[in-house]
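Scope of the values below: all heavy atoms of this structure, side chains included, with no hydrogens, waters or symmetry mates. So you know, we letter chains A, B, ... as the sequences are listed, proteins then strands, and number each from 1.
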There are 2 protein chains.
Amino acid sequence: MLNIYENQAKVFKAFCDENRLKILEMLRGGEKCACVLLEQLELGQSGLSYHMKILVDSGIVQSRQDGKWTHYKINTEGSLYAEGLLKKLTTPNFENIYSNDNDNICSD
Amino acid sequence: MLNIYENQAKVFKAFCDENRLKILEMLRGGEKCACVLLEQLELGQSGLSYHMKILVDSGIVQSRQDGKWTHYKINTEGSLYAEGLLKKLTTPNFENIYSNDNDNICSD
DNA sequence: GTGTCAAATCAAAATTTGTCAATATGTTTT
DNA sequence: AAAACATATTGACAAATTTTGATTTGACAC
């Protein structure tokens, strides 16, 4: 069980690694099977599997099993969630406990 | 000089660490000086400085020097840029070189 | 069943990131 | 100029992440 900050961080981990950004770029062109991703990246099979797990766990990517192949695509729902979360995390909230409207102004 | 993927990753690093998420949460309540952030976090002075540098470099936070104090606040422009970038990175683009409309379908 | 192939898991090594203590820099005060 | 204070930088270490190779699991074909 992860705390709230760890759960939020997990979403953005998808975008914090060069290989994962390359994978997302490829998936923007449509669903791809692991074999196709593998041949475009300078990564071994287990390395790709490692990154795909992080992408799926972040909610940004969705996987579909088809016999012995796994196909991946961008998860629209998860992406919208990430977008909303990013907006929330950067939007002023003068109701929160750290609001300057309460009494947290640096006294100097 | 960073490549395009490293530059994109840099933006989202702001959201990938528990302490940085806590700092952003505090800054949502308005501009804070480092001394105020420091007393709320379980971090030493140099640790806070380390994270503030990452936040500023990501474009999500803006700093303002006032004598010997440094004040930090959320950078609206940088936040909107991050939001747009996230949207771009997760939006289908059938014009790109990996588009299935060209010829990258897994042949199996 | 056995053999083959795709992908996941595991364990070890390599790399990166985060923390801490000490020191340096820059500003204000005296 | 010297002292005091806030923050930045540095280097050493610890912890987390990423890479790699070997092994395992699961699906299909024979």
Side-chain angles (χ1 to χ4, degrees), chain A residues 2-3 5-24 26-27 31-58 60-73 105-108, chain B residues 2-3 5-24 26-27 31-58 60-73 105-108:
Chain A
L2 303 176
N3 72 34
Y5 301 107
E6 289 166 330
N7 271 304
Q8 293 176 345
K10 196 171 68 171
V11 172
F12 298 103
K13 291 234 168 90
F15 306 101
C16 281
D17 175 86
E18 187 165 343
N19 279 311
R20 294 196 286 274
L21 287 169
K22 285 182 186 166
I23 292 165
L24 288 175
M26 289 187 236
L27 296 183
E31 188 181 70
K32 298 273 181 303
C33 108
C35 55
V36 170
L37 297 173
L38 196 50
E39 68 191 16
Q40 305 286 338
L41 295 162
E42 301 198 346
L43 257 184
Q45 180 270 320
S46 66
L48 177 65
S49 183
Y50 167 77
H51 287 294
M52 295 320 295
K53 187 168 159 57
I54 291 173
L55 285 167
V56 169
D57 287 351
S58 76
I60 304 298
V61 168
Q62 194 170 2
S63 72
R64 176 175 68 82
Q65 206 69 25
D66 177 22
K68 48 183 172 173
W69 293 280
T70 309
H71 296 256
Y72 296 97
K73 67 175 175 184
I105 300 164
C106 177
S107 52
D108 299 291
Chain B
L2 304 175
N3 72 33
Y5 301 107
E6 289 167 329
N7 272 304
Q8 292 177 346
K10 197 171 67 172
V11 172
F12 298 103
K13 292 235 168 89
F15 306 101
C16 281
D17 175 85
E18 186 164 345
N19 279 311
R20 295 196 285 275
L21 287 169
K22 285 182 185 167
I23 292 165
L24 288 174
M26 290 188 238
L27 296 183
E31 188 181 69
K32 299 274 183 301
C33 109
C35 56
V36 170
L37 298 174
L38 196 50
E39 68 191 18
Q40 305 286 338
L41 296 162
E42 301 198 345
L43 255 185
Q45 180 270 319
S46 67
L48 177 65
S49 185
Y50 168 77
H51 287 295
M52 295 320 295
K53 188 169 159 56
I54 291 173
L55 285 167
V56 170
D57 287 351
S58 76
I60 302 299
V61 168
Q62 193 170 6
S63 72
R64 174 175 68 83
Q65 204 70 26
D66 177 22
K68 48 183 171 174
W69 293 280
T70 309
H71 297 256
Y72 297 96
K73 67 175 174 184
I105 300 166
C106 178
S107 52
D108 299 291

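The separation between B:Lys10 atom NZ and C:dT16 atom C1' is 17 Å, rounded to whole Å.
In this structure, A:Gly67 reaches the sugar-phosphate backbone alone: every heavy-atom distance under 4.0 Å involves primed, P, OP1 or OP2 atoms, never a base. Here B:Thr70 lies in heavy-atom contact (under 4.0 Å) with sugar-phosphate atoms only.
Of the inter-residue distances, the one linking A:Asn19 atom CG with A:Leu37 atom CG reads 11.0 Å to the nearest 0.5 angstrom. The CD1 atom of A:Ile60 sits 11.5 Å away from atom CZ of A:Arg20, with the distance rounded to the nearest 0.5 Å.
Screening B:Leu24, B:Val61, B:Val36, B:Leu55 for a side-chain contact (heavy atoms from CB on, under 4.5 Å) with B:Tyr72, the sole residue that qualifies is B:Val61. For the side-chain hydrogen bond (donor to acceptor under 3.5 Å, both in side chains) criterion with B:Glu31, the lone passing option out of B:Lys73, B:Arg64, B:Gln62 is B:Arg64.
Positionally, the nearest nucleotide of DNA chain C for A:Leu38 lies more toward the 5' end than for the other of A:Leu38 and B:Ile54. Nearer to the 5' terminus of DNA chain C, by closest-nucleotide assignment, is the contact made by A:Ala34 (compared with the other of A:Ala34 and B:Arg20).
With hydrogens and angles ignored, no donor-acceptor pair under 3.5 angstrom links the side chain of A:Ser46 to the base of C:dA7.
Of the candidate nucleotides C:dG18, D:dA8, C:dA6, D:dA8 has the atom nearest to the side chain of B:Gln45. Taking only side-chain atoms of B:Ser49, from C-beta outward, the nucleotide of C:dT17, C:dA8, D:dT9 with the closest atom is D:dT9.
Listed pair A:Lys68 / D:dA29 fails the phosphate criterion, with no side-chain N or O lying under 4.0 Å from OP1 or OP2. Contact check, B:His51 against C:dT19: a side-chain N or O comes under 4.0 Å of OP1 or OP2.
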